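Report on one structure; see the data block that follows.
What you see is a predicted model; the values in this text were computed from it and never measured.
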Amino acid sequence: MTLAIALVTDSTAVIPQYRIQSTGIEVVPVLINIDDETYEEGEGIHSQAVISAIRAGKSVSTSRPTPTTFAQRYRKLHAAGFNEILSIHLSADLSGTFEAAVIGAQQSHLPVQVVDSRTVGLALGFGVLAAADAISAGADIAAASGIARRTSVHSRTWVVVEDLEQLRRGGRVGAAAALVGSALAVKPVLEVISGKVVPIEKVRTTSRAHDRIVELAAKYVHTFGGKFQIGLQHAGAPDKAAGIATKLGKLLPGVPIITTDLGAVLTSHVGPGAIAITAAPVENLVHP
């Protein structure tokens with residue numbers, strides 16, 4: 001008997017809505033706290049509201065979904081006829097979401113496999129979509145989990161922020177916090193490495209930093225080889241993103257590029273104006 005597999009992720013995967021609808025992926029929202037109010041990403045708040053709150057000097061933070069939230073989602077999927085559940089989430093080093101999913105799976109008493117993608121944003125999203133396409137093609141849960149892990153592990157994400165204040169406040173940059181004092185003099189180039197956000201270079205201007213992450217993405221695609229897709233994300237900077245997409249298109253002709261905003265949760269950590277580029281290998285029938 002073929003087992004029906006449900007696929008779950010969290011809202012930091014920023015998967016386009018049309019792909020969520022076409023695949024049936026269940027998305028659990030991460031929570032955003034602005035002063036004394038709490039919102040669910042994608043439900044009650046979007047990135048522009050976060051940008052406005054940050055610029056107004058309000059307190060902005062995030063928190064994980066509760067284990068109970070995950071347990072309820074898993075039970076709902078089981079009641080809908082799914083025999084197995086694959087739940088794929090952002091790096092455990094960046095959020096307690098993975099831990100909450102693990103506890104929720106235990107509370108549900110259902111066959112749930114929870115995966116720490118060791119990444120975030122569209123690198124996570126591409127891995128989840130790879131798993132969705134594999135399941136659609138008839139893969140079992142082990143194969144779908146494997147392709148999600150490989151896609152995420154072999155993806156690379158580079159980030160340029162206007163300043164490191166939001167990352168410093170959230171404690172997400174580690175050693176990068178040392179750069180805060182000189183943020184006005186240099187622009188740090190950050191990379192998601194082994195599940196953490198790490199500073200890899202310093203450059204003098206924002207435009208040079210943007211050019212640098214374009215160069216890094218193109219070099220990685222050419223060095224790794226095979227089919228790739230590019231994710232370009234921004235925090236309230238669509239014009240900058242459009243210009244960067246043009247540069248990427250010239251260096252990587254034929255490589256599909258999906259451009260989207262970073263979402264409310266990631267924007268709350270990287271701040272207004274941030275740009276992120278993800279280069280993800282295509283192992284199966286993955287569509288941006």
Side-chain angles (χ1 to χ4, degrees), residues 4-32 39-50 62 64-65 69-82 84-91 95 97-98 100-101 104-105 112-117 119-139 141 144-145 147-149 151-152 155 157 229-235 256-268 276 278 280 282-288:
I5 304 169
L7 190 56
V8 179
T9 191
D10 58 77
S11 57
T12 68
V14 290
I15 297 171
Q17 190 61 38
Y18 76 95
R19 286 290 279 151
I20 292 173
Q21 293 174 346
S22 67
T23 56
I25 296 169
E26 188 82 4
V27 179
V28 176
V30 176
L31 306 178
I32 300 171
Y39 307 87
E40 293 185 344
E41 180 172 30
E43 298 294 332
I45 194 167
H46 298 278
S47 57
Q48 194 55 53
V50 170
T62 62
R64 70 182 191 177
T69 297
F70 278 106
Q72 290 172 344
R73 293 292 184 105
Y74 298 150
R75 292 183 185 122
K76 183 186 81 170
L77 291 167
H78 181 72
F82 291 97
E84 296 178 301
I85 300 168
L86 178 59
S87 199
I88 308 171
H89 301 286
L90 80 157
S91 171
S95 169
T97 301
F98 169 77
V112 182
Q113 182 178 152
V114 185
V115 174
D116 179 356
S117 71
T119 191
V120 69
L122 278 175
L124 165 61
F126 285 141
V128 173
L129 288 171
D133 287 338
I135 291 169
S136 178
I141 194 168
S145 173
I147 193 172
R149 292 174 190 270
T151 300
S152 297
S155 295
T157 297
Q229 57 195 332
I230 297 292
L232 175 57
Q233 297 179 262
H234 65 88
I257 301 172
I258 177 174
T259 301
T260 183
D261 70 41
L262 276 156
V265 167
L266 297 184
T267 294
S268 73
T278 295
V282 179
E283 182 178 332
N284 200 22
L285 302 176
V286 181
H287 303 285

Taking Ser136 for the side chain and Ala132 for the main chain, is one N or O donor matched with an acceptor at less than 3.5 Å?
no
Smallest separation among heavy atoms of Gln233 and Leu122, with atom names:
OE1-N, 3.1 Å
Between Ala148 and Ala131, what is the shortest heavy-atom contact and its length?
CB-CB, 4.0 Å
pair Val27-Ile20: side-chain heavy atoms closer than 4.5 Å:
yes
If you define the side chain from C-beta out and look only at heavy atoms, does anything of Ser87 sit under 4.5 Å from Val115?
no
What is the minimum heavy-atom distance between Ala144 and Ala139, and which atoms define it?
N-CB, 4.3 Å
All salt bridge (charged side-chain N to carboxylate O under 4.0 Å, His left out) counterparts of Arg149, not counting sequence neighbours:
none
What distance separates Thr69 OG1 from Leu31 CG, expressed to the nearest 0.5 Å?
7.0 Å
Apply side-chain hydrogen bond (donor to acceptor under 3.5 Å, both in side chains) to Thr9 and list each qualifying residue two or more places apart in sequence or on a separate chain.
none
Student check: side-chain heavy atoms of Ile230 and Pro256 closer than 4.5 Å:
no
Heavy-atom check, side chain of Leu129 versus side chain of Ile25, under 4.5 Å
yes
Nearest heavy-atom neighbours spanning Ser95 and Thr97
OG-OG1, 2.7 Å
Under the rule for side-chain hydrogen bond (donor to acceptor under 3.5 Å, both in side chains), what residues qualify as partners of Ser152, not counting sequence neighbours?
none
Between Val14 and Leu262, does a side chain to side chain contact (heavy atoms under 4.5 Å, CB included) hold up when you go through it step by step?
CA-CA 7 Å; Val14 290; Leu262 276 156; 6.0 Å; no
Any side-chain heavy-atom pair of Glu26 and Leu77 under 4.5 Å
yes
If we only count heavy atoms from C-beta on, is the Ile147 to Asp133 side-chain gap below 4.5 Å?
no
Which residue, Leu90, Asp10, Thr62, Ile45, forms the side chain to side chain contact (heavy atoms under 4.5 Å, CB included) with Val265?
Thr62
Looking only at heavy atoms, what is the nearest atom pair of His46 and Ala264, with distance?
C-CB, 3.7 Å
Compare all side-chain heavy atoms of His89 with those of Val114 and state whether any distance is below 4.5 angstrom.
yes
Given side chains that start at C-beta, do those of Thr157 and Val120 come closer than 4.5 Å, heavy atoms only?
no
So which heavy atom on Ser47 is nearest to which on Thr267, and how close?
CB-OG1, 3.7 Å
